[in-house]
Amino acid sequence: MNGVVENGENKMEDKSKSGLPAGKYKVVIYDFETTGKSLVDEICHIGCYANSPKQEEQVPVENGDGGEKDTNGESETKPGKEQQTTDPLVYSQYIMPHRNLSYSARNAHNLVVVSMDHQRMLRDTNSGRLVKTKSEISALQDWMKWLEKVKDDCDGIILVHHAHDKARDLQVPLLLISLARYNLVQRFSTIVKGFCNSVNVISDLGDKSLITSLSLRSLCKTVLKDTSLSTRTASHRCRRIHDILVQVVNDSEKETDNNNLIADKVSAYATSVPSEEAKVRHLEALQKAQYSMRPIFVEFFRDGYKMRTRMVGIRRCLAEHGLDYAKLTDLAKQDKLIAELEKVSIEDPDNKTLMVNTVKDHFKEKSSAKKNPSSPTVNGASEHVAGEGKGQGDGGKGQEDGGKSQEDGGKGKEDGDKGRGNQNANGDAPQVNN
């Protein structure tokens, strides 16, 4: 495996040959449920599984989901029940996010943010129960305390997650962004020494004739030979990932120290915390460049899912090439836009043609609008002003005529009063018609 992330994942290497020094590490499997798939999204559930050989040590965990035993002897999550667990292997905690979950996240995690008595709460859409949550900073601090107890006398912890879609893998970036929000990265770095995507380990060490897909459900079928295993919650998925790694790394499931065996293999694929922080900065720069190019692609985002997906991919390729809206504007002024667009690496020739035409037409329309303003708009504005003035003149004339009519009416009334006065003076009584 070449270690280079495909599909535009910042072209950095997954393997860090000098990232982690030699030492004694423990592997902790973790998984997050998030409000969406962008860097601005937040973590709403942390799940962990740590296979420690010291089973007798009880590490208290404040768990956000209570449970009953399912058919596999595991805790079946029932959000809404508050329960204190002393399982040293599992950590699970829900977090109250500031953002609402996106449509896809609500369907994937079966969670929704509701408002009750002017308070935001998480609700499980399957059971309809409210979920016990903590604030983000409290959950992160509690999680680090749990990791410190799991770490024990080892040199550090390697956090392992499973993301078969590497182009959309934001597990580590979202975690580091959350920690940086509360200045917890330094403390976290003393506990956790590296990160690893289990997909890299399984794809290298797994039986390629047996493994047809790297998705978690497929691996449960091909590696664990069991399709009934639960993967509904983050805690369940962590246990599945651990079992798959054990099966792949060591064919014998009766090994007494599986954690050390996995740690030896995983450390070769792990990346250090500083290298992941550099990736986060790179992703933030990419996102800023992509957002700046929104005026070019915004009209295509309304043309359905397929067109939106194509345009998002094209916009990402432009950002990875080092382009943003300001640079594209300068290239268009220098008549170097087409030549630079041809250098952008896009595998699909149709998408490359679409990209060139879309960007070229945008700046062509923009320049023509500046040089030749739309004449109907100007004439229309003039006609509007003229019509408004004419209307005002006619209105003034009407008011003048109305005033003249009122004046004539007042004169007639005055003459009538004078006539009645003369009749009264002569003693004539007014006639009444029966």
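Note that the numbering runs from 1 along the sequence shown for the chain. Just so it is clear, the structure is predicted and the values come from calculations on it, not from any experiment.
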Inset, instruction - Just do the side-chain hydrogen bond (donor to acceptor under 3.5 Å, both in side chains) check on Thr231 and His236 with the steps written out, would you? - result: CA-CA 5 Å; Thr231 58; His236 292 164; over 6 Å; no

Any chance [atom1] of [X] has more than 12 other-residue heavy atoms, nucleotides or ligands included, within less than 6.0 Å?
{"X": "Gln186", "atom1": "CD", "result": "no"}
{"X": "Arg294", "atom1": "CZ", "result": "no"}
{"X": "Lys208", "atom1": "NZ", "result": "yes"}
{"X": "Lys352", "atom1": "NZ", "result": "yes"}
{"X": "Glu347", "atom1": "CD", "result": "no"}

Could you check if a side-chain atom of [X] sits within less than 4.5 angstrom of a side-chain atom of [Y], using non-hydrogen atoms only?
{"X": "Glu33", "Y": "Arg237", "answer": "yes"}
{"X": "Tyr269", "Y": "Leu205", "answer": "yes"}
{"X": "Leu328", "Y": "Met293", "answer": "yes"}
{"X": "Ile95", "Y": "Ser135", "answer": "no"}
{"X": "Cys44", "Y": "Leu111", "answer": "yes"}
{"X": "Thr125", "Y": "Arg106", "answer": "no"}
{"X": "Leu224", "Y": "Leu219", "answer": "no"}
{"X": "Val112", "Y": "Leu122", "answer": "no"}

Assess whether a salt bridge exists between [X] and [Y], defined as any Lys/Arg side-chain N lying under 4.0 Å from an Asp/Glu carboxylate O.
{"X": "Lys193", "Y": "Asp155", "result": "no"}
{"X": "Glu320", "Y": "Arg316", "result": "yes"}
{"X": "Arg181", "Y": "Glu136", "result": "yes"}
{"X": "Glu276", "Y": "Lys279", "result": "yes"}
{"X": "Asp303", "Y": "Arg308", "result": "no"}

Legend entry - Thr35/Ser102 under side-chain contact (heavy atoms from CB on, under 4.5 Å): CA gap, chis, key distance, verdict: CA-CA 6 Å; Thr35 58; Ser102 65; over 6 Å; no

Side-chain donor-acceptor pair under 3.5 Å between [X] and [Y], yes or no?
{"X": "Thr233", "Y": "His109", "answer": "no"}
{"X": "Ser104", "Y": "Asn107", "answer": "no"}
{"X": "Gln290", "Y": "Asp324", "answer": "no"}

Inset, instruction - Please work out which of the three classes, parallel, tilted or perpendicular, describes the rings of Phe195 and Phe188, given edges at 30° and 60°. - result: parallel

Is a side-chain donor or acceptor of [X] paired with a backbone partner of [Y] at a separation under 3.5 angstrom?
{"X": "Thr309", "Y": "Tyr305", "result": "yes"}
{"X": "Lys166", "Y": "Ala163", "result": "no"}
{"X": "Lys360", "Y": "Leu341", "result": "no"}
{"X": "Asp226", "Y": "Ser228", "result": "yes"}
{"X": "Asp117", "Y": "Gln119", "result": "no"}
{"X": "Ser218", "Y": "Ser215", "result": "no"}
{"X": "Arg120", "Y": "Pro97", "result": "yes"}
{"X": "Ser138", "Y": "Lys134", "result": "no"}

Inset, instruction - Show the numbers, then the answer: is there a side-chain hydrogen bond (donor to acceptor under 3.5 Å, both in side chains) between His45 and Gln93? - result: CA-CA 6 Å; His45 185 201; Gln93 179 61 56; over 6 Å; no

Legend entry - Ser38/Gln287 under side-chain hydrogen bond (donor to acceptor under 3.5 Å, both in side chains): CA gap, chis, key distance, verdict: CA-CA 9 Å; Ser38 173; Gln287 181 172 272; 3.3 Å; yes

Legend entry - For His161, ring pair (Phe, Tyr, Trp, His ring centres under 6.0 Å) partners two or more places apart: Tyr30

Legend entry - side-chain contact (heavy atoms from CB on, under 4.5 Å) between Asn197 and Gln171, worked out: CA-CA 10 Å; Asn197 189 350; Gln171 295 269 6; over 6 Å; no

Legend entry - Nearest heavy atoms of Ile241 and His162, plus distance in Å: CD1-CB, 3.3 Å

Inset, instruction - Under the salt bridge (Lys or Arg N to Asp or Glu O under 4.0 Å) rule, what do Asp243 and Arg239 come out as? Steps first, then yes or no, please. - result: CA-CA 6 Å; Asp243 294 343; Arg239 182 59 185 265; 3.4 Å; yes

Inset, instruction - List the steps, then state whether side-chain contact (heavy atoms from CB on, under 4.5 Å) holds for Ser235 with Tyr49. - result: CA-CA 7 Å; Ser235 302; Tyr49 179 83; over 6 Å; no

Inset, instruction - Using the side-chain contact (heavy atoms from CB on, under 4.5 Å) rule, take Arg310 and Leu354 through it: C-alpha gap first, then chi angles, then the decisive distance, then the call. - result: CA-CA 9 Å; Arg310 290 181 69 185; Leu354 178 63; 3.5 Å; yes

Legend entry - ring-ring contact (aromatic ring centres under 6.0 Å, His included) contacts touching residues 310-363 (sequence neighbours left out): Tyr325-His362, Tyr325-Phe363

Inset, instruction - Tell me, with the steps shown, if Asp124 and Ser127 meet side-chain hydrogen bond (donor to acceptor under 3.5 Å, both in side chains). - result: CA-CA 6 Å; Asp124 182 84; Ser127 64; 3.0 Å; yes

